[in-house]
Amino acid sequence: MADLLSTGVSGLLAAQVGLSTTGHNVSNANTDGYSRQQVSFAARAPQAQGQYYVGTGVDTQAVQRAYSQYLNTALWSASSSKGRADAYQALTDQLNNQLSGSSNLQASLDTFFGAVQDMANAPADASARGVLLARAGALASTFRALSGQFGSLDGQVQRQLTDTVASINSDSAAIAKLNERIRSSTGTQPSDLLDQRDALIKKLSGEVGISVATQNDGTLSVFVGNGQALVSGTQSYELGTAPNAYDATRLEVVDKGTGAVLSGRIGGGTLGALLDFRGNVLDPAQNQLGRAALAMADAFNAQHAQGVDLNGQLGGDFFTVAGPAVQAASGNTGSATLSAGIADLGALGSQDYTLSFDGTAWNLRDGSGAAVAMSGTGTAADPFLAGGLSFVVGGGAASAGDSFRIQPTRNAAGSIAVAITDPNKIAAAVPLLGSAASANTGTGAVGALTVADGTDPNLFTASSIVFSSPTTYSIDGGAAQTFTAGTPIVHNGWSLTLDGAPSAGDTFGVKANANARGDNANALKLGAVANLGVLDGGATSVGRAYGQLVGQVGSAGSLADDAAKTQTAVYNQAMASQQSVSGVNMDEEAANLVRFQQAYQASAQIITAANTVFNALLGAFK
């Protein structure tokens, strides 16, 4: 009965393995990344007994995990997309909250222009002028506060970049170590180690978009971007962060080994979301906010310069604001310098530019890398002109490959401030008055009368324009000049446009405004700046520019919310599919527990029976 005993022992051992595996499954039912394990058995080779065979028991062939490479790969991909969508949504929500929070710029604009209107109603009232300066200060403060909040969000992105890169490096190193243990394992593949590696890859895919390749030795290689290896066999390769070539305060993701910048090649996971949000939402928002600040300051200053204050002086700058920022590349080897200014506010966009020297000529590209045509030669007398900007190349000679980044509006919102503190210096009145003689016979009438050159010492000198014919006039008895309808008449620093058609003998006068204290003509024009088109060729006002910013950020937030919901649904579906194969089913495990327990007990009975039979056989020969 030795064979019966062996057969019983084999069943006992098999049932024991089954019980252990079931217990392991139950214990890890809530372990993240754990795959249900299954025991496979095979009948032992039978023994020939004449004309038949007698079975000899069972062997445990393997303990394998329930696993689908396809479903796991789909889960990793869904995890990458979900990680990106969640991080992107969180960041855009923060930006939206900042725009709609206590630092609401539109409310500050409305309050400021309301104060301008109040001052226009009482131009000589010191209280109204003081309130206007206070509202102007509040408006500038709101611009700066919003810019500061955007800056804080940028800092948060930078810290998250550093933390995420550190986590990626840690996970990559752990995967490489698991690769080594898995490659060194003997016999069948170690299910638990494989699960640990898969769980790490799933976590890593949530941090950055990756691709995975299986090697013949059982190891997995992990790549990011356009093939940058994070893990190759038992070796891991670290990512790093390094200062931007133009801005040392801004971090870029790099290959730590070579220093190559990878920021533009990373798309998925949290890291991809951080880079995408910074480049495509936050930076444009900062530029758009700065563009609104520039438009506000430039348009208001321009109109303020057309008036006179209570001291009889032409209006100076009401606001101060920083102009375009120029940053030289850290790798420049030449000694050329670059300065940039606003040449045409109406043509100014909200994107950054890069001006580079190829050894022969300077070339301008926008933020997307597209070439931008320039006019001019780049000298102070003939600057490069493009995108509403002017560029002057100075200093020494440039070397081939030298470049500069220009940020036309990035710093404007953070720098805007009120330039005047004395309420009497608010230029509410117009400096000049134009008139047509009552005896005129033509239809000519005084149209726009503006200050063309505030430094002209004769600006406030009274002048008389006399037409000797409908197309010829003289000023203060001077030389005859040709009149062209619609063309301004410029003299003594002022510019006058006549409407209608003057006749021979008609006379027009220009003189200083003697009633500046009680005049509100320029104050009314200052109030009109709120709806004055100053951007996009005169199509966009300051308020509308801010509205565009709110709309752009709101749209990005809405798209991010939709993407987050979609990717969460995709992830949940992928997880459910993966768990349908690999997840632990407690009902099934409970059934297995009973099954293997009964098998164990039955096998024990076989051993008992074998022992009984063997003893009976021994007793028969005593």
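Residue numbers run from 1 in the order of the sequence given.
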| task | Look at the side chain of Ser147 and the backbone N and O of Arg144, then say whether any donor-acceptor pair between them is shorter than 3.5 Å. | result | no
| Stepwise, does the side chain to side chain donor-acceptor pair (under 3.5 Å) test hold for Asp195 with Ser35? | CA-CA 7 Å; Asp195 280 346; Ser35 297; 2.9 Å; yes
| said: Looking only at side-chain N and O atoms, does Gln548 offer a donor or acceptor that is under 3.5 Å from a partner on Tyr546? | reply: no
| query | So, for Pro243 and Ala248, which heavy atoms are closest and what is the spacing to 0.1 Å? | reply | CB-O, 3.6 Å
| Polar side chain donor-acceptor pair, Asn287 to Gln407, under 3.5 angstrom | no
| task | Run the numbers on Val212 and Trp76 for side chain to side chain contact (heavy atoms under 4.5 Å, CB included), then give the verdict. | result | CA-CA 10 Å; Val212 179; Trp76 295 342; 4.1 Å; yes
| message | Less than 4.5 Å apart, side chain to side chain, heavy atoms only: is that true for Val581 and Ser577? | response | no
| request: Taking all heavy atoms of Ala15 and all of Phe596, pick out the closest pair and write down the distance. | output: CB-O, 3.6 Å
| message | Between Gln158 and Arg278, do the side chains contain a donor N or O and an acceptor N or O under 3.5 Å apart? | response | yes
| query | Of Arg291, Arg410, Arg365, Arg405, which is the lone residue that meets salt bridge (charged side-chain N to carboxylate O under 4.0 Å, His left out) with Asp352? | reply | Arg410
| Taking all non-hydrogen atoms of both residues, which atom of Ala413 and which atom of Ala293 are closest, and how far apart? | CA-CB, 3.7 Å
| remark: CG (Asn611) and CG (Leu4) are apart, to the nearest 0.5 Å, by 10.5 Å
| message | Please determine whether side chain to side chain donor-acceptor pair (under 3.5 Å) holds for the pair Asp255 and Thr258, giving the CA-CA distance in whole Å, both sets of side-chain angles, and the decisive distance to 0.1 Å. | response | CA-CA 6 Å; Asp255 178 344; Thr258 65; 3.3 Å; yes
| Note, Leu139 side chain near Leu105 side chain (heavy atom, < 4.5 Å) | yes
| request: Please check if any side-chain donor atom of Asn169 sits under 3.5 Å from a side-chain acceptor atom of Ser172, or the reverse. | output: no
| field | Student check: side-chain heavy atoms of Leu282 and Leu153 closer than 4.5 Å | value | yes
| task | Output, in order, the C-alpha distance, side-chain angles, deciding distance and verdict of side chain to side chain contact (heavy atoms under 4.5 Å, CB included) for Gln98 and Leu95. | result | CA-CA 5 Å; Gln98 289 175 353; Leu95 192 58; 3.8 Å; yes
| Steps toward side chain to side chain contact (heavy atoms under 4.5 Å, CB included) verdict (Asp561, Asp93) | CA-CA 9 Å; Asp561 289 344; Asp93 281 352; 3.6 Å; yes
| message | Test your reading of the model: is there a side-chain donor-acceptor pair from Thr164 to the backbone of Gln160, 3.5 Å cut-off? | response | yes
| message | Within this structure, what is the CG-CG distance for the pair Leu91 and Leu274, rounded to the nearest 0.5 Å? | response | 6.0 Å
| task | Could you tell me whether Arg84 sits above the aromatic face of Tyr88, with NZ or CZ closer than 6.0 angstrom to the six-membered ring centre and within 45 degrees of the axis? | result | yes
| Step-by-step side chain to side chain donor-acceptor pair (under 3.5 Å) determination, Glu252 to Ser263 | CA-CA 6 Å; Glu252 301 291 347; Ser263 296; 2.6 Å; yes
| message | Is the shortest side-chain heavy-atom distance between Lys256 and Leu239 below 4.5 Å? | response | no
| query | Any side-chain donor-acceptor pair under 3.5 Å between Asn592 and Thr22? | reply | no
| task | Considering only NZ, NE, NH1 and NH2 on the basic side and carboxylate oxygens on the acidic side, decide whether Asp86 and Lys82 come within less than 4.0 Å. | result | yes
| message | Quick check against the 3.5 Å criterion: does Thr31 have a side-chain atom that pairs as donor or acceptor with the backbone of Tyr34? | response | no
| request: State, without any angle test, whether Ser221 and Gln215 hold a side-chain donor-acceptor pair at a distance under 3.5 Å. | output: yes
| query | Has Glu588 got more than 12 heavy atoms of other residues, nucleotides or ligands less than 6.0 Å from its CD? | reply | yes
| message | Applying salt bridge (charged side-chain N to carboxylate O under 4.0 Å, His left out), can you list everything that pairs with Glu589, at least two apart in sequence or on another chain? | response | none
| Taking atom types as modelled, is there a side-chain donor on Tyr246 or Ser403 under 3.5 Å from an acceptor on the other? | yes
| Under 3.5 Å donor-acceptor, Ser582 side chain and Ala66 backbone | yes
| message | Could you measure the distance from the CG atom of Leu271 to the CD1 atom of Ile168? Nearest 0.5 Å is fine. | response | 4.5 Å
| request: Over all heavy atoms of both residues, which pair between Pro46 and Tyr53 is shortest? Give the atoms and the distance, please. | output: CB-CB, 3.7 Å
| message | Is a donor from one side chain sitting under 3.5 angstrom from an acceptor on the other, for Ser167 and Lys203? | response | yes
| query | Does a side-chain heavy-atom distance below 4.5 Å link Asp3 with Val54? | reply | no
| query | Donor-acceptor pair, Ser415 side chain versus Ala412 backbone, under 3.5 Å? | reply | yes
| message | Can you see whether Gln37 engages Asn25 through a side-chain donor-acceptor pair at a distance of less than 3.5 angstrom? | response | no
| task | Report yes or no: does Asp154 contribute a side-chain atom to a donor-acceptor pair with the main-chain N or O of Phe150 at less than 3.5 Å? | result | no
| request: Give a yes or no on whether the backbone of Gly33 and the side-chain of Asp198 come within a donor-acceptor separation of less than 3.5 Å. | output: no
| query | Is the backbone of Ser77 close enough, under 3.5 Å, to the side chain of Ser205 for a donor and an acceptor to pair up by distance? | reply | no
| Do the side-chain N and O atoms of Gln69 and Thr73 include a donor-acceptor pair separated by under 3.5 angstrom? | yes
| How far does CZ of Arg183 sit from CG of Asp217, to the nearest 0.5 angstrom? | 5.5 Å
| query | Are Gln601 and Gln605 close enough that a side-chain donor and a side-chain acceptor fall under 3.5 Å? | reply | no
| task | Go through Arg36 and Gln38 one step at a time and tell me if the side chain to side chain contact (heavy atoms under 4.5 Å, CB included) criterion holds. | result | CA-CA 7 Å; Arg36 175 171 52 93; Gln38 298 171 306; 3.0 Å; yes
| request: Would you check if the side chain of Thr540 reaches a backbone N or O of Asp536 as a donor-acceptor pair within less than 3.5 Å? | output: no
| query | How about Arg44: does its CZ atom have over 12 heavy atoms from other parts shown lying under 6.0 Å from it? | reply | yes
| said: Measuring only between side-chain heavy atoms, which start at C-beta, is Lys202 closer than 4.5 Å to Arg197? | reply: no
| When you check the side-chain N and O atoms of Ser40 and Gln61, is any donor under 3.5 Å from an acceptor? | no
| said: Please check this pair: side chain of Asp366 against backbone of Ala370, looking for a donor-acceptor N/O pair closer than 3.5 Å. | reply: yes
| said: Once rounded to the nearest 0.5 Å, what's the spacing between atom OG1 of Thr214 and atom CG of Leu220? | reply: 4.5 Å
| task | Can you see which heavy atom on Pro324 is nearest to which on Ile406, and at what distance? | result | CB-CG2, 4.3 Å
| remark: To the nearest 0.5 Å, atom CZ of Phe41 lies from atom OG of Ser10 at 10.5 Å
| Any side-chain heavy-atom pair of Val208 and Ile266 under 4.5 Å | yes
| field | pair Leu12-Gln16: side-chain heavy atoms closer than 4.5 Å | value | no
| message | How close do Val281 and Ala556 get, counting heavy atoms only, and between which atoms? | response | CG2-CB, 4.2 Å
